Amino acid sequence: MNRLAQETSPYLLQHAANPVDWYAWGDEAFGRARAEDKPILLSIGYAACHWCHVMAHESFEDPGVAALMNELFVNVKVDREERPDVDSLYMDAVFALTGSGGWPMTVFLTPEAEPFLGGTYFPPEPRHGLPSFRQVLTQVAQAYRERHGDVARQARDLTESVRASARIEASREPLTSALLHEAVSGLRSGFDPRWGGWGRAPKFPPASAIEFLLRRGEVEPATRTLDGMALGGMYDVVGGGFHRYSVDERWLVPHFEKMLYDNALLVPAYLHGWLVTGTERYREVVEETVTYMLRELALPKGGFASAQDADTDGVEGLTYTWTEDEGAPAALLQPFEHGRSILRGELDAETRARLLAIREKRPQPALDDKVIAAWNGLALAALAEGARRLERTDLLAAAVELGELLTADPLWRTLRDGRAKFPAYLEDYANVAHGLYELHVATGDLRWLRETRRLALTAVELCGDPERGGFFLAPADGEQLVARQKAFDDNPTPAGSSMLAFVLLRLARIWGDDELERTAVGALRLVRDLLPRAPSAFGWALCALDLHLSPPRELAIVGDPASDVARAALRGFDPNTVVAFGPAEDVPLLAGKGLVDGRPAVYVCERFACRAPVTEPTELA
């Protein structure tokens with residue numbers, strides 16, 4: 001066993017028995033690199049990553065390769081999900097070097113942690129134009145020894161290039177509705193009219209773009225994508241829930257890992273699709289997906305696991321695929337690999353239950369059971385809104401339990417076996433605040449609204465950039481890497497900056513706080529010129545901009561959230577209306593508002609100018 005045996009990350013623990021002399025990221029590894037003047041070999045991946053497993057089996061478990069690594073490098077293993085700051089920094093470096101990125105990621109650093117070379121997967125033997133991993137190791141070590149000055153210059157130049165992302169200046173052009181119209185046009189131009197989604201293959205579930213389109217009333221591209229994804233393959237028609245992505249344009253053959261964040265983001269997307277169109281299939285997908293989350297990702301000690309592996313017993317998709325003699329309807333089987341098939345098509349409830357019972361007797365994929373605050377914040381939002389819309393008390397109970405877990409102070413990044421590791425990052429604060437706001441709307445409990453504001457203000461304090469606007473990925477009081485970055489891309493999850501801007505805009509309307517709105521707008525100005533050019537990459541920022549530009553509308557609801565008038569007020573899909581439940585004198589939107597003749601009341605307001613309170617659902621029409 002190596003040093004990784006002391007870690008909590010399932011990914012790092014997968015490598016604890018490697019003959020590689022792995023270190024976790026930290027001072028011990030860099031201290032040894034400086035003392036011995038050796039380069040760092042940084043390997044980044046995650047527990048559910050298929051190609052991470054492949055490279056581990058081919059190289060890290062090979063005694064000869066391990067001996068070469070141990071001789072030439074100080075070897076550091078990082079779970080990208082534990083350390084998004086480390087992952088983002090060196091992924092940017094690999095993109096700058098190669099024009100692409102992914103996991104497993106292999107980056108070579110100086111002892112000062114500056115990157116000078118890198119790539120992704122390297123095979124054990126040369127193939128497909130790639131050198132073997134052994135060749136890479138020997139050539140990099142030789143360059144470090146014999147051309148040390150060149151390596152140092154490249155490291156400095158590359159590090160400076162990576163730092164530039166934090167120095168992006170805010171656009172001075174106005175934020176106008178024309179940007180939203182241009183973004184819609186851009187999404188329509190790149191849209192796949194047959195199968196939905198954007199681009200050809202591989203296809204990733206575009207939850208944020210769908211949310212933006214539904215907000216804008218662009219129903220056709222949104223629903224075509226929802227329909228395509230739900231056909232089966234990437235969507236698990238037997239057990240519910242979505243696999244990571246589709247390797248083809250038809251959403252058929254998935255990359256089989258299941259990630260918490262994909263499912264947490266797609267639940268609201270399908271829920272909102274159902275609210276807009278009334279399509280019952282969307283509601284079914286929501287029901288099946290939240291049932292999957294509670295059945296397979298909910299952990300006994302609280303929270304949701306981050307992922308299920310793509311592989312079972314070393315075979316990708318083994319748990320989820322079928323042969324004709326295993327009981328699945330033959331007419332629904334689509335060929336996959338190794339004589340096995342993917343199930344695609346509609347199943348009645350009895351057949352689903354029967355096939356799930358058969359499948360549960362098979363070996364199951366490994367579970368990455370660390371609780372990531374950011375992803376659980378997205379799950380909290382999905383459960384809370386799902387509970388309210390579907391009138392499911394079990395979802396509400398699960399949401400409240402999760403809210404309790406996520407209001408620890410200070411917030412952490414990951415939790416496993418009772419051990420919290422690493423301070424929260426921007427996306428943790430932002431996503432948890434978002435989830436707590438949805439929990440407030442679902443329960444009417446003011447505690448969750450106050451916690452939303454506390455976390456959002458903490459994020460602004462720790463991650464805000466008062467000079468250029470926007471937010472840094474990592475907090476000011478955390479570890480200082482060679483570059484402090486900002487991240488803007490809303491794929492596959494909303495960027496922390498987009499989500500925090502969205503949360504701050506809601507809070508600004510509830511508290512009447514112009515400074516919160518200016519802070520949110522500062523983040524949007526950093527991506528202002530990118531929105532119309534690459535709208536599929538900035539779906540959540542577009543949602544935030546849509547909220548910012550919408551006519552202010554607030555609902556102050558006093559009394560029981562289960563009352564008829566409260567339920568009527570919240571029944572439709574009105575994403576730009578903000579909601580606060582009272583009574584509460586310390587929340588400006590709620591101040592001075594109470595029950596009417598002892599009855600629950602809804603106050604409909606615009607910039608705090610409120611109409612007469614309504615106590616009957618019919619009066620809301």
Side-chain angles (χ1 to χ4, degrees), residues 1-18 22-26 28-29 43-49 52-53 56 76-88 103-104 241 244 257-264 292-311 364-380 382-383 398-399 401-429 431-432 435 455 474-475 478-479 493 496:
M1 302 294 283
N2 56 45
R3 295 172 188 81
L4 301 185
Q6 306 304 312
E7 296 297 313
T8 59
S9 159
Y11 175 64
L12 299 188
L13 292 171
Q14 287 173 358
H15 295 269
N18 292 168
W22 289 116
Y23 288 79
W25 179 275
E28 184 182 4
S43 176
I44 303 178
Y46 60 104
C49 168
C52 299
H53 300 331
V76 176
K77 178 63 76 172
V78 166
D79 182 339
R80 75 173 182 101
E81 296 167 357
E82 279 192 333
R83 293 300 303 264
D85 54 340
V86 173
D87 178 59
S88 176
W103 301 275
R244 178 66 196 92
E257 68 261 41
K258 285 183 175 180
M259 312 298 292
L260 173 62
Y261 60 74
D262 285 317
N263 290 282
Y292 153 74
M293 291 168 62
L294 293 172
R295 183 184 68 240
E296 298 192 33
L297 297 181
L299 298 169
K301 295 183 179 179
F304 287 81
S306 61
Q308 288 176 299
D309 209 322
D311 300 357
Q364 299 296 307
L367 184 71
D368 185 337
D369 61 351
K370 68 179 181 295
V371 179
I372 298 174
W375 302 1
N376 274 260
L378 296 175
L380 175 58
L383 290 173
E401 181 181 350
L402 185 55
E404 296 282 357
L405 181 73
L406 292 171
T407 48
D409 188 13
L411 183 63
W412 32 262
R413 170 63 179 177
T414 65
L415 182 69
R416 185 170 185 267
D417 291 337
R419 291 173 60 187
K421 290 201 70 173
F422 307 110
Y425 295 93
L426 172 63
E427 67 169 355
D428 298 304
Y429 287 110
N431 290 355
V432 173
L455 283 179
E479 179 184 354
T493 59

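Here, residue 1 is the first one in the sequence, and each next residue gets the next number. Please read all numbers here as calculations on a predicted model, not as lab measurements.
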> If you look at every heavy atom in K421 and T8, which pair is closest and at what distance?
Replying inline: CD-OG1, 3.1 Å
> So which heavy atom on E7 is nearest to which on L13, and how close?
Replying inline: O-CD2, 3.4 Å
>> To the closest 0.5 Å, what do you measure between CG (D309) and CG (D368)?
In response: 9.0 Å
> Looking at CG of D369 and CG of D417, how far apart are the two atoms once the value is rounded to the nearest 0.5 Å?
Replying inline: 6.5 Å
>> I need the S306 OG to D79 CG distance, nearest 0.5 Å.
In response: 7.5 Å
> What are the two closest non-hydrogen atoms of I372 and E81, and how far apart are they?
Replying inline: CD1-CB, 3.6 Å
> Do you know the tightest heavy-atom contact between A29 and A24?
Replying inline: CB-O, 4.2 Å
> Does one side chain, of Q308 or Y292, offer a donor that lies under 3.5 Å from an acceptor on the other?
Replying inline: yes
> Do the non-hydrogen side-chain atoms of P10 and R416 ever get within less than 4.5 Å of each other?
Replying inline: yes
>> Going by the rule side chain to side chain contact (heavy atoms under 4.5 Å, CB included), which residues pair with L405 if we only count those two or more places apart in sequence or in a different chain?
In response: V371, L402, W412, L415
> E28 and R3: salt bridge (Lys or Arg N to Asp or Glu O under 4.0 Å), yes or no, with the steps?
Replying inline: CA-CA 11 Å; E28 184 182 4; R3 295 172 188 81; 3.6 Å; yes
>> Using 0.5 Å steps for rounding, measure from the CG atom of N431 to the CH2 atom of W375.
In response: 11.0 Å
>> I want to check something: taking the side chain as every heavy atom from C-beta on, are L299 and L367 in contact at a cut-off of under 4.5 Å?
In response: yes
> Taking all non-hydrogen atoms of both residues, which atom of C49 and which atom of P104 are closest, and how far apart?
Replying inline: SG-N, 4.2 Å
> When rounded to the nearest 0.5 angstrom, what distance separates CE in M293 from NZ in K258?
Replying inline: 11.5 Å
> Crowded around E401 CD? As in, over 12 foreign heavy atoms under 6.0 Å?
Replying inline: no
> Counting distance only, does the side-chain N/O of N376 pair as donor-acceptor with the main-chain N or O of F304 below 3.5 Å?
Replying inline: yes
> Closest approach of A264 and A382, non-hydrogen atoms and distance?
Replying inline: O-CB, 3.5 Å
>> Can a donor-acceptor pair be found, under 3.5 Å and without considering hydrogens, that links the side chain of D428 to the backbone of G377?
In response: no
> Which residue, E479, E427, E82, forms the salt bridge (Lys or Arg N to Asp or Glu O under 4.0 Å) with R413?
Replying inline: E427
>> Determine whether a donor-acceptor pair (N or O, by modelled atom type, separation under 3.5 Å) exists between the side chain of H15 and the backbone of A5.
In response: no
> In terms of side-chain heavy atoms, does Y11 have a donor or acceptor partner in K77 at a distance below 3.5 Å?
Replying inline: yes
>> Just so I know, are the side chains of V78 and D87 near enough to count as touching, which here means a heavy-atom distance under 4.5 Å?
In response: no
> Just checking, is any N or O donor in the side chain of Y425 or D85 under 3.5 Å from an acceptor N or O on the other one?
Replying inline: yes
> Who pairs with A399 by side chain to side chain contact (heavy atoms under 4.5 Å, CB included), at least two apart in sequence or on another chain?
Replying inline: L380, L383, A384, L439
>> Run R244 and Y261 through side chain to side chain contact (heavy atoms under 4.5 Å, CB included) and show every step you take.
In response: CA-CA 9 Å; R244 178 66 196 92; Y261 60 74; 3.1 Å; yes
> Distance from L455 atom CG to L406 atom CG, nearest 0.5 Å?
Replying inline: 9.0 Å
